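Single-structure report; data block below.
Computed from a prediction, not measured in an experiment: that's the story for all the values here.
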Amino acid sequence: MSDLQPAKDLIRGYYGALAEDPVAAMVRYCAPDLLWRGLHPFHEITGPEAVADRFWLPLAAALQPIQRRLDLFFAGQNTLEGAEGVWVASMGHLLGFFRAPWLGIRPSGKLAMLRYAAFHRVEEGRIAEEALFFDIPHLMIQAEQNPFPPQTAAHLVQPGPMTQDGLLFDAQDPAEGAATLGAITRMIADLQVWQAVDGPALEDELRRSWSEDMLWWGPAGIGAAYTIPGYAAQHAGPFRRGFAERRFNGHLARFAEGHFGGFFGWPNLTLTPSGGFMGMPATGRPGDMRVVDMYRRAGDKLAENWIFIDLLHFWAQLGLDVLGRHRALGESGETAIG
């Protein structure tokens with residue numbers, strides 16, 4: 001494995017510079033032809049100046065002053081075809097006082113925390129690709145503008161790893177990273193084979209890959225679940241019942257370091273709603289789902305999992321423009337769903 005430390009140092013410098021001047025930071029640390037992937041309504045943007053103008057500057061005007069609180073930071077060599085090379089991942093929150101509107105969301109004037117996960121491909125001392133997933137509905141709920149019906153699991157401002165050791169700034173034992181990547185890969189393989197929807201069969205499947213006291217930190221609209229029975233009842237079962245037709249499309253990056261690892265896809269899944277999930281009806285047509293998974297391994301099993309799903313993009317494909325509807329309701333003086 002190539003030395004990951006220069007890439008880690010680059011990303012840490014980039015994060016510090018973003019807090020001072022987003023435009024200068026993007027130009028200095030990113031390649032001129034940077035490919036940036038952000039969730040709905042941003043999608044793909046090319047070039048550092050365009051990213052700063054469309055994403056960072058409006059966000060900095062809304063959350064003042066922005067502080068980055070890191071929970072995970074790790075790097076690895078991505079071996080998936082098409083995006084080989086060194087990648088650095090992080091996860092945490094961007095926080096500040098929500099002082100100005102953002103994406104049609106009314107400011108609360110109070111402290112708010114925007115959950116995020118980021119993947120950066122580093123090449124020749126610059127960031128060549130970046131994927132930034134952020135939980136916009138989670139921010140909306142904090143501002144008392146919940147766009148979704150009641151979720152099946154718990155809504156929380158989500159913490160970092162229970163072990164409090166997720167910031168891998170220093171070099172790690174490659175064998176530990178290999179073990180983590182192996183556990184993630186085995187879990188993905190199980191998903192392709194096992195089709196249990198409910199009850200003991202689903203729990204038995206989950207026990208192949210997951211610790212009994214697993215923690216699953218899902219996105220707003222779904223929520224967080226605890227233990228294998230809790231996760232089966234509050235997410236895995238409802239998800240499988242809600243999407244009888246599921247196709248796995250693969251990932252763009254998947255890697256691990258130490259006891260932590262993760263992946264993202266663009267999109268990971270293509271799903272056809274069969275009704276019930278998140279209170280939505282069957283649609284009869286498929287939609288793409290972009291997902292980030294971050295993991296902590298304990299022993300030979302996965303113990304914690306943080307999930308980011310571009311739910312706004314997924315439902316927009318199926319005819320529900322969540323942000324547009326929220327903006328229209330706000331202008332009419334009505335309240336959003338939930």
Side-chain angles (χ1 to χ4, degrees), residues 37-44 103 115 117 133-141 145-155 187-188 190-199 201-203 205-206 216-225 230-252 263-293 305-329 336-338:
R37 297 179 175 93
L39 301 194
H40 180 89
F42 298 96
H43 307 286
E44 295 185 2
L103 304 178
R115 290 181 67 222
F133 282 59
F134 29 88
D135 196 336
I136 295 172
H138 188 263
L139 181 69
M140 297 174 74
I141 292 173
Q145 298 160 61
N146 188 354
F148 294 132
Q151 56 195 37
T152 52
H155 168 71
M187 180 274 300
I188 294 170
D190 274 351
L191 288 175
Q192 309 309 306
V193 176
W194 289 61
Q195 297 297 322
V197 174
D198 229 333
L202 174 56
E203 294 182 18
E205 173 195 334
L206 295 171
W216 190 86
W217 304 104
I222 300 173
Y231 172 63
Q234 295 174 3
H235 176 64
F239 185 88
R240 295 188 187 191
R241 288 193 300 273
F243 298 109
E245 295 182 37
R246 305 187 298 271
R247 185 179 76 237
F248 177 59
N249 299 314
H251 301 136
L252 287 187
F263 58 69
F264 80 93
W266 198 261
N268 310 46
L269 303 166
T270 299
L271 307 167
T272 302
S274 43
F277 184 72
M278 294 182 65
M280 303 299 182
T283 65
R285 66 180 191 266
D288 291 333
M289 189 171 279
R290 305 161 175 168
V291 184
V292 157
D293 279 64
N305 184 196
W306 296 263
I307 307 290
F308 296 76
I309 303 176
D310 194 351
L311 291 171
L312 300 182
H313 173 61
F314 178 73
W315 292 119
Q317 294 171 85
L318 301 177
L320 176 60
D321 179 0
V322 173
L323 286 177
R325 182 180 186 278
H326 173 78
R327 188 178 294 109
L329 288 173
I337 303 172

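- A donor-acceptor pair under 3.5 Å is absent between the side-chain atoms of D190 and the main chain of M187, judged by distance alone.
- Distance CZ/F134 to CZ/F308: 11.0 Å, rounded to 0.5 Å.
- Ring to ring, F263 and F133 are not that close: their centroids are 6.0 angstrom or more apart.
- With Q151 contributing its side chain and G221 its backbone, the two residues share a donor-acceptor pair below 3.5 Å.
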Passes side-chain contact (heavy atoms from CB on, under 4.5 Å), L311 versus M278? Steps please. CA-CA 10 Å; L311 291 171; M278 294 182 65; 3.9 Å; yes
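- A salt bridge is defined here as a Lys NZ or Arg NE, NH1 or NH2 lying under 4.0 Å from an Asp or Glu carboxylate O, and E205 with R240 meets this definition.
- Rounded to the nearest 0.5 angstrom, D288 CG and Q317 CD are separated by 5.0 Å.
- The line from CD1 of I309 to CG of L312 is 11.5 Å long, rounded to the nearest 0.5 Å.
- Within the 4.5 Å cutoff, the side chain of V292 has no heavy atoms near those of the I307 side chain.
- Taking the side-chain hydrogen bond (donor to acceptor under 3.5 Å, both in side chains) definition, one finds that H251 meets it with R254, sequence neighbours left out.
- Considering only heavy atoms from C-beta on, R285 comes within 4.5 Å of L318 through its side chain.
- Side-chain contact of W266 with E44: a donor-acceptor pair under 3.5 Å is present, judged by distance alone.
- Remark: M289 CE to F243 CZ distance equals 4.5 Å, nearest 0.5 Å.
- The salt bridge (Lys or Arg N to Asp or Glu O under 4.0 Å) pairs that include a residue from residues 306-319 are R290-D310, where partners are two or more places apart or lie in different chains.
- Side chain of T272 to backbone of T283: no donor-acceptor contact under 3.5 angstrom is found.
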What's the verdict on side-chain contact (heavy atoms from CB on, under 4.5 Å) for H43 and R37, showing C-alpha distance, side-chain angles and the deciding distance? CA-CA 6 Å; H43 307 286; R37 297 179 175 93; over 6 Å; no
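- Residues forming a side-chain contact (heavy atoms from CB on, under 4.5 Å) with A232 (at least two apart in sequence, or on another chain): L202, E203, L206.
- Two residues are said to be in side-chain contact when any heavy atoms from C-beta on lie closer than 4.5 Å; I222 and F148 fail this criterion.
- In this structure, the separation between CZ on F42 and CD1 on I136 is 6.0 Å, given to the nearest 0.5 Å.
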Which is it for Q145 and L139 under the side-chain contact (heavy atoms from CB on, under 4.5 Å) test, yes or no, and what are the steps along the way? CA-CA 9 Å; Q145 298 160 61; L139 181 69; over 6 Å; no
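- Side-chain N or O atoms of T270 include none that pairs as donor or acceptor with a backbone N or O of G287 at under 3.5 Å.
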Intermediate values then yes/no, side-chain contact (heavy atoms from CB on, under 4.5 Å), D135 and M140: CA-CA 9 Å; D135 196 336; M140 297 174 74; over 6 Å; no
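- Counting heavy atoms from C-beta outward, P273 and E245 have side chains that stay 4.5 Å or more apart.
- For the residue pair P147 and P137, the shortest heavy atom distance occurs at CG-CB, 4.1 Å.
- Between H138 and H155, the closest side-chain pair of non-hydrogen atoms falls below 4.5 Å.
- With a 4.5 Å cut-off on side-chain heavy atoms, F264 and L252 count as touching.
- Annotation: the span from F277 atom CZ to H235 atom NE2 amounts to 5.5 Å, rounded to 0.5 Å.
- For the pair F314/L320, no side-chain contact is recorded, criterion being any heavy-atom separation below 4.5 Å from C-beta on.
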